[in-house]
Structure formats: structure tokens, C-alpha cells
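A quick write-up on the structure given underneath.
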There are 4 protein chains.
Amino acid sequence: MTAIAERPARSRARNRRVAGADPDKRHQILEGAHVVFTARGFDASSMADIAAAANVSKGTLYVYFEDKEHLFIALIEREREKQKQGIYEALADIPDLAQALSRFGERLVRLITGGFALSAQRIVLGVAERMPELGREFYERGPMQGTRRLAAFLQRRVELGELAIEDPALAAAQFIDLCQSTLTRPRLFNAVPMPPEDEEIARVVASAVTMFLAQYGVKKPG
Amino acid sequence: MTAIAERPARSRARNRRVAGADPDKRHQILEGAHVVFTARGFDASSMADIAAAANVSKGTLYVYFEDKEHLFIALIEREREKQKQGIYEALADIPDLAQALSRFGERLVRLITGGFALSAQRIVLGVAERMPELGREFYERGPMQGTRRLAAFLQRRVELGELAIEDPALAAAQFIDLCQSTLTRPRLFNAVPMPPEDEEIARVVASAVTMFLAQYGVKKPG
Amino acid sequence: MTAIAERPARSRARNRRVAGADPDKRHQILEGAHVVFTARGFDASSMADIAAAANVSKGTLYVYFEDKEHLFIALIEREREKQKQGIYEALADIPDLAQALSRFGERLVRLITGGFALSAQRIVLGVAERMPELGREFYERGPMQGTRRLAAFLQRRVELGELAIEDPALAAAQFIDLCQSTLTRPRLFNAVPMPPEDEEIARVVASAVTMFLAQYGVKKPG
Amino acid sequence: MTAIAERPARSRARNRRVAGADPDKRHQILEGAHVVFTARGFDASSMADIAAAANVSKGTLYVYFEDKEHLFIALIEREREKQKQGIYEALADIPDLAQALSRFGERLVRLITGGFALSAQRIVLGVAERMPELGREFYERGPMQGTRRLAAFLQRRVELGELAIEDPALAAAQFIDLCQSTLTRPRLFNAVPMPPEDEEIARVVASAVTMFLAQYGVKKPG
DNA sequence: AATGAATGAGCGTTCATTCAT
DNA sequence: CATGAATGAACGCTCATTCAT
């Protein structure tokens, strides 16, 4: 009935670009791409470098991914899946508001300032002008997603009478930004080479929580 | 008026390539570079594109700038000069603390979220992995500078008894981040095409000021 | 016969650019390079010219050779291998001293004044100032090598009592230079287009042998 | 009557390229060209380098010389004039044959192996394929000239009964080559950086004279 | 006559992509 | 499906030469 159904013979025909089916090989390629893109950025990474890092031939790259851009996008997506795990648990699991915020903030900052997330941000930002689709998607599935989840959490606490917030979306963004103050920006610009130490993160997040609650917290009676 | 005065270019001569002395042409090239770099980022902008956009020959580019990287750096520097004017006046001129912070925050956000600053940030971030020098310089002369100036201002107000701040550097960074909450990030990722409207900026900055003073403000007696 | 034997290229792989394994193509490129370098010298030969002459794409040149200089060096080496064959046989095979020297001298001159050897010398000399390594290597593997081998031969004949030579290295150089008198220099400068005829070579080498033996020969007792 | 005579008005007209008339400036340019060509060879020397070395503008180069090639040729010619002086005096002034040959040989070798002559040879050889006219002229006015003069000298001594030479041209070339054995070739290839010491030259030339006279000398009667 | 900014063709080299095997 | 040799367009950059001043 569909165009596809009308040409079943072609469905595996054309003989080329059947889309790489072997998940191991796909994984292997993404590992190589991770290494190379992280070290050099998008433009300065060559498909030859990636093929070498993945220990496959250049041709194989094109069996599994349409082109360089799609390979990069696939990598970004895989990394996002890998990393967002466990961040939001604190919000669900810890009953005490201040403690929940602290834990969430610390995990978030550790994620953002460590390893691939920083590189991925740089790369995506670097191509955002040319590839607005990619930039938007990355933002929406990453930072925006996080802000939304936190906003929902805050909303719940408002309803519980623990917080007084008019604009939860703004408040969520404020908290996330406060947690990163002095930590993310210099590292994004590569002006500071090392991830922040846990104590430093704890200190900044503690200040963020204090400030946040000073503004939005509901004083308990008595 | 003298022959010597008429050839000031010699005074900066090093070895060869006395460097284009014609400021109009230099300006013309930077305009072209602005357009092209803004539209495509660093790597995807070719010197041929820039030459065409500037309406000069490729060779001329190299009379005025050592190479692509130096051209880009010169552009960044020019834009910074153009833009940093007037940002810090509010801090010096307005006696009332809350008003001074509001004014400063609003101008800062308008600067960061408008036009070239966003593009420049993207480009620098995009190459920061490969060119850490550039990233560091950009960060230090831009964001870090702003934070420092604000920290100095805050310190003065602490000494005047208006604020109680233990770590002025952190406080300054917090204020600057609060002012940008929900405004800068989506635009950096090109997820939102337009600069924020003045009312939106005013709203976010007002919230930042409130929050900031709730935490660090000294309640006046009686 | 085995799979391993079928891909010998891997054995030489370093990092990337496993280097063209197809010997036919390599040969084809060297032929093109031969033609172009011979006709124009090193600097005036462009990789585009060579690619065209070899009937391959410019990119293919870089699959087989690292850069222009390495291509040139490979060409020189190939020609040396091709040509040095059979020169020294005369020294080993012919017992009579005068005959051995004649035969060696004639072959040497024929080699030096014919075809590529002349061009290669010109090219190497032309770049020797900028690329002293190349000049030195060429000299050592070429002219110096020949002189050394002849010196060793002479030394043996000294030990047999046929020659009386104090400085065999000087004597060897003298003989080689005498063999080339009037023949090599004008051709090196391209002042005479054709290689010398065999009779001319025979005449000059005969004179060289006579002169050499008049000086260094040991008169046999009556 | 000639085409030139028919258009006298044009003779200095056209306003351009009147051929640089100032001999000081011409000299200045040639000095700069000497330095640069000597250090880098023909192709690797840029007109900008030469202009800088000569302390004139690039444009001025083209006032005095048609193009790079003609500038180089003019330099070669000037150097030849400068250097050939005094070489042949020994042949004219010293009555004793062996002494005359020694003196001549030593001066010749000192000239050839020192300074610019070596560079000039390299450069001319390097471009001889592309510029056969230049190669031929250089050879004829340089090496060939020297051989001819020596041949004429030898012929005179033959007529005086001091020598027995059938082919004076060959004999002259042989002597000149013997004088340079082990000295010129390695330096031409830049395999040995320094000019030979006077003692070394004396030793090689002495051997050349001995060998030459052993072959061509006429034994004086008892 | 002298300048040096401007030109633009051309350079060596890279690299995403294709395709015969 | 996997390979990697081959391609050719495009890159950043150089430089002999021109020409308005």
C-alpha cells in the first residue's frame, strides 16, 4: 500500500548503504569518534583519524553513518543517554529539600564539568551557527530537559508548602546557574584544565542552596 | 608634517610585511570577516570567502593579518573594544546599590545576548580544545574581567557596610549568572533566534537583584 | 599464499597512510615524476604537473609519498639502484689492471653523462644549499661511494705490487676525474645536449688510464 | 633608418621602465641579491627578500631589472667579472713550468671552492634544464674560458719544447680536473661546509702537477 | 625615479566521500 | 559487509609582478 510496500524487491536491493547492522561495530566506531572528536573538535577531526581510532576502514564509517555530521550527532546522542542516568534520583529519593537540592546540584556540576560533556558542549556550540538543528536539539534534550525536571520538582515542593515560587522555570534555571558559578565557564573556555575538586563543588553548591532558599524558602513557623 | 611623520608604518616594521597601514582597508577586511565568521564559525569560513565578503583579494588579507587565526583574534579584539564601553559606568555612577546592580545587569545581558558577542563565544568555544591560548585569553579578557570588576565593586560596598559577603569573587559570579538565567544559554545553542526583549531582561535581572540582596544585603537598622 | 602474505602492506604500517601498496601505481608515479623533475628541476615542478604526467590524481601522489621532497628522494634512490648495477664488475672480473680501469672508467662515464644521472645531479645541486642533508646523502651514496670502491680496488693492486700509491683515496678521485675530463662538465651545464659518443669516451678514458699508470704504475722488471 | 631611429620620440617615452640609471642603486640591489641568492638558491629566494636585503622597495627591483631571472643573470655576470682577475697571471708571469702550473692551479681551486663561485655554480646547475641559455653562457664564459686559456698556455710550452701534448684542450681539462680532485665535488654537494685549507690545496695541486708532467713533460737531455 | 599596497594565479597539501574488489 | 586506494575540490598561504601615488 505504501511506496515502500510497492517495491519490496528494492527493500534490500541497491546493494549499498544497507545501514550498518552490526551493533558491535557501531559501538566500536562511536568509541573511536568519541576519542577523536573530544581531542580535536568537529572540524579538526578527520574521518581517517576516526577510522584509525576505531580500528575500522574509512569505508566502513560510511556503512554505519551517512556522513561525518550524522556520525557526530549519533555520538552526542549516545553520550547523553549514558550520562543523564542517576542525576535526577536525588530529587526523587531525598525527602529533605536542602539535601535533595545539594545532592542534585553536586551531581549535575560533576557531570557538566567532567570529561565528555564539556567537549560535547564546545563542539556543538562551535557548529551551532551552521547546524542550528543540532544546537537546538542538544539544548532541548540536555540543559532544557534538566531545567524542566528541576522545575517540576520545585513545583511539587511549592505545592507541599515548602517553597514560594512564582516562576518555577526561572527558579530552576537560577539554581542550576548558581551551582555552576565560577566552575563551568572557565573550564568551557579551556582556561582551567582540571575538573573542580569535590570540595570546591560542595562549597559552591552549598552557597547556591543557601541563596536559593533565602529567596524562595518558606519559613517554618515556630 | 615631516617625511618621517608621513610614514608611520615603518615604526612598527619588524622584518617584512610592514602590515597594512590603511585603516579603511583594515576595517573593510574586518567587516567581511565579521560577516563570514559569524555566519559559519572559524573552520568553515575560508579566507577566500572572507576576501570576497570584504571585497579585497586573498593576498591583501595577508598584508593586513598574519594568518587566519590572527585575523580572527583581531576581530574578537575589535568587537570587545566596541562593546565593553559603558557597561561598568552604572557601577561607578549610580549610588543606590539595587539600582546600580540592575543597571549593570541589564546592560551586561543586553551585550552578551546580542549580536556578535554570542557568535564570538560560540566560535571561541568551538576551537578552545585546539587553541587553548585563545580560549584562555578570551575568557580572561571577557567574562573573567567582568566578574573581577563587579567583585571589586561589591567589595567597596561591603566596606561601606551595605553588603555582607565572604567571597566577593563567588558572589560576583553568582550575580552575573543569575542575570543570565534562561536568557543566554538557549541563545548560545541557537535554540532561540532572537535576542531577549528588554522587558524580559528587566524581569530576570530584577529577580537576580532581589535574590542577591536577600542573601548578601545588610538590613538597615530601624 | 596465506591471508597474511596477501597483505604485506600492513607490515610496514606506521600510524596512518599505510602507503600505496600497488607497485604498478608507484612505478607509474615515479615515471611521471622522472619526466617532470628532469624537465624542470625540483622547485619548478609542481605536484599537479607530476600528477598529470603520471596520469593519477594529485591526492594519489600523497597516498604513495609523504610529500614532494620524499617523492623526489624516492625517485633518486630508484634511479641509483637501476644504474649502479654492473659498474663495479669490471674491477672484480678483469685481471689485467689497465683493462679493468678502462672498462670501469668507460662504464662510469657512460652512466654519469647519460640520461637521468645528469638531471639528478643538477636538481640535487640546485637545492643543496637549502637541503644540505639531501646533498650530503646524494654525494655520499653516489660519487663518494664510487671513489671508495675504486680506492679499495687500487689498494688491493698496491698490495699485489702492481701500483705504488701513497694516498689511494686521492688517486681514485684523480682517476675518476680524469675519465670525465671534457665530458661531464659541459653536459652538466647543459651546454652540450647529447651524451658523448662511445669513441669519445674511449679516447678520454684511454688517456686517463695512460696518465694514471704513468704516475702510479710499477714498472715491471725487464 | 632602423626601426629605433624612426621613433626617436619614443626612445625615452612610455614613461616606464626607463632602465635604472643610478649605478649606486643598481649596485645596492646586486649586493642584496648576492646575499639572498647565495643563501637560498634561485627559486627559494623571493623578490621581497631581495628588496629587503638591498634596502629598496620591491618596485624598484623592476626599475633596474626586467624580472627575477634577469636580475640573477646580471648578478652572475658581475661576479664573474670580479673574480676572474688574477687567475691567469701566474701563467704569464712565472717562467718555470711546474711553478706556473702550481700557482695557477692553487689560485683556480681557491677561487672555485670559495664563497660565491660554489653557490653560483649550484644555482646555475639547478636551473640549467629550464634555462639552457644561462647554463651554456655560464659554462662558456667560466669553466670553458679557463680551460681554453690554459690550453693556449700549454700550446706555447709545447712549441718551446717543454711539453709533448697531442690534444692541448684535453690536457688542459685534465689538469684542471686533477687540481680539484677530492676538493670541489663534496663542497658542491654541500657535504663539506668549509673551504679547503691552503695546505690541502697545495698537496692536491702538487700531485696534479707531478702527474701532469709525468705524462706530458719532456725530459731534458742530460 | 621610487614606493609598497594590491593582485590573483598558483603552490603543496588535506580530506570527505566513492567504489571496485 | 568490509576494505582502502583513488579522487578532486577546496584549503591556507606565497609571491612575482603591476600600478596609483
Side-chain angles (χ1 to χ4, degrees), chain A residues 15-22 25 43-52 56-69 71, chain B residues 7 9-10 13 16-22 25 43-51 56-69 71, chain C residues 7 9-10 13 16-22 25-26 43-51 56-69 71, chain D residues 15-22 25 43-52 56-64 66-69 71:
Chain A
N15 191 356
R16 277 198 273 133
R17 197 65 37 83
V18 189
D22 182 345
K25 204 131 226 168
D43 289 285
S45 297
S46 78
M47 292 299 262
D49 293 340
I50 293 168
V56 299
S57 77
K58 258 194 293 178
T60 303
L61 260 32
Y62 289 87
V63 173
Y64 286 82
F65 301 96
E66 194 177 327
D67 57 20
K68 192 184 177 184
E69 193 176 320
L71 168 56
Chain B
R7 315 202 233 130
R10 278 264 187 232
R16 32 166 169 153
R17 192 62 46 89
V18 184
D22 182 346
K25 204 124 220 171
D43 289 285
S45 297
S46 79
M47 292 299 263
D49 292 341
I50 293 168
V56 298
S57 76
K58 249 194 301 178
T60 302
L61 260 31
Y62 290 88
V63 173
Y64 286 82
F65 300 96
E66 198 178 323
D67 57 21
K68 191 185 178 183
E69 192 175 324
L71 169 55
Chain C
R7 318 202 229 131
R10 278 265 186 230
R16 32 163 169 153
R17 192 61 47 88
V18 182
D22 183 346
K25 204 121 217 171
R26 196 185 146 91
D43 288 285
S45 297
S46 79
M47 292 300 262
D49 293 340
I50 293 168
V56 299
S57 76
K58 249 194 304 175
T60 301
L61 260 32
Y62 289 87
V63 172
Y64 286 82
F65 300 96
E66 197 177 324
D67 57 19
K68 191 184 178 184
E69 193 175 324
L71 169 55
Chain D
N15 192 0
R16 277 198 272 133
R17 196 65 36 86
V18 189
D22 183 343
K25 205 131 225 170
D43 289 284
S45 297
S46 78
M47 292 300 263
D49 293 340
I50 293 168
V56 298
S57 77
K58 257 193 294 179
T60 304
L61 259 32
Y62 290 86
V63 174
Y64 286 81
E66 195 178 326
D67 58 19
K68 192 182 177 185
E69 193 175 321
L71 169 55

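Proteins come first, then strands; the chains are lettered A, B, ... in the order of their sequence lines, and each starts at number 1. All values reported here derive from a predicted model rather than from experimental measurement.
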Once you round it to whole Å, what is the distance between [atom2] of [N] and [atom1] of [X]?
X     : N      : atom1 : atom2 : value
A:M47 : F:dT3  : CE    : C1'   : 15 Å
C:R26 : F:dA5  : CZ    : P     : 13 Å
B:D22 : F:dT21 : CG    : C1'   : 13 Å
D:L71 : F:dT17 : CG    : P     : 10 Å
A:D49 : E:dC15 : CG    : P     : 7 Å
D:L61 : E:dG4  : CG    : C1'   : 12 Å
C:I50 : E:dC11 : CD1   : C1'   : 12 Å
A:F65 : E:dT18 : CZ    : P     : 16 Å

Report the distance from atom [atom1] of [X] to atom [atom2] of [Y], rounding to the nearest 0.5 Å.
X     : Y     : atom1 : atom2 : value
D:L61 : D:E66 : CG    : CD    : 13.5 Å
D:M47 : D:K58 : CE    : NZ    : 9.5 Å
C:L71 : C:R26 : CG    : CZ    : 9.0 Å

Notebook entry, point to check: Any side-chain N or O of B:Y64 under 4.0 Å from OP1/OP2 of E:dA6?
Noted result: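 Result: yes.
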
Check: Hey, is the side chain of D:K25 poking within less than 4.0 Å of OP1 or OP2 on E:dA1, counting only N and O atoms?
Finding: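 No, no such contact exists.
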
Of the nucleotides [options], which has the atom closest to the [X] side chain?
X     : options               : value
C:V63 : E:dA6, E:dT13, F:dA5  : F:dA5
C:D67 : E:dT13, F:dA2, E:dA16 : E:dT13
D:S57 : E:dG4, E:dA1, E:dT13  : E:dG4
A:Y62 : E:dA6, E:dT17, F:dC13 : E:dT17
B:K68 : E:dA6, F:dG12, F:dT3  : F:dG12
D:S46 : E:dT17, F:dA16, E:dA6 : F:dA16

Notebook entry, point to check: Tell me, which stems hold DNA chain E, with a stem being 3 or more Watson-Crick or G-U pairs in a row and both distances under 3.5 Å?
Noted result: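 Stems (3+ consecutive pairs) listed as E:2-21 with F:2-21.
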
Check: Which pair of non-hydrogen atoms, one from C:Y64 and one from C:D22, has the smallest distance, and what is that distance?
Finding: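 The pair with the smallest heavy-atom distance is OH-CB, 3.2 Å.
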
Checklist line | Residue pair B:K68 / B:D43: nearest heavy atoms and the distance that separates them | finding: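 Closest approach of B:K68 to B:D43: NZ-O, 3.6 Å.
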
Check: So does A:K58 reach the base of E:dT17 with its side chain, donor to acceptor, closer than 3.5 Å?
Finding: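 Answer is yes: a donor-acceptor pair is held.
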
Item checked: Sugar-phosphate only, base, or nothing, as touched by A:T60 at under 4.0 Å among non-hydrogen atoms ->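 Since a base atom lies under 4.0 Å of A:T60, the category is base.
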
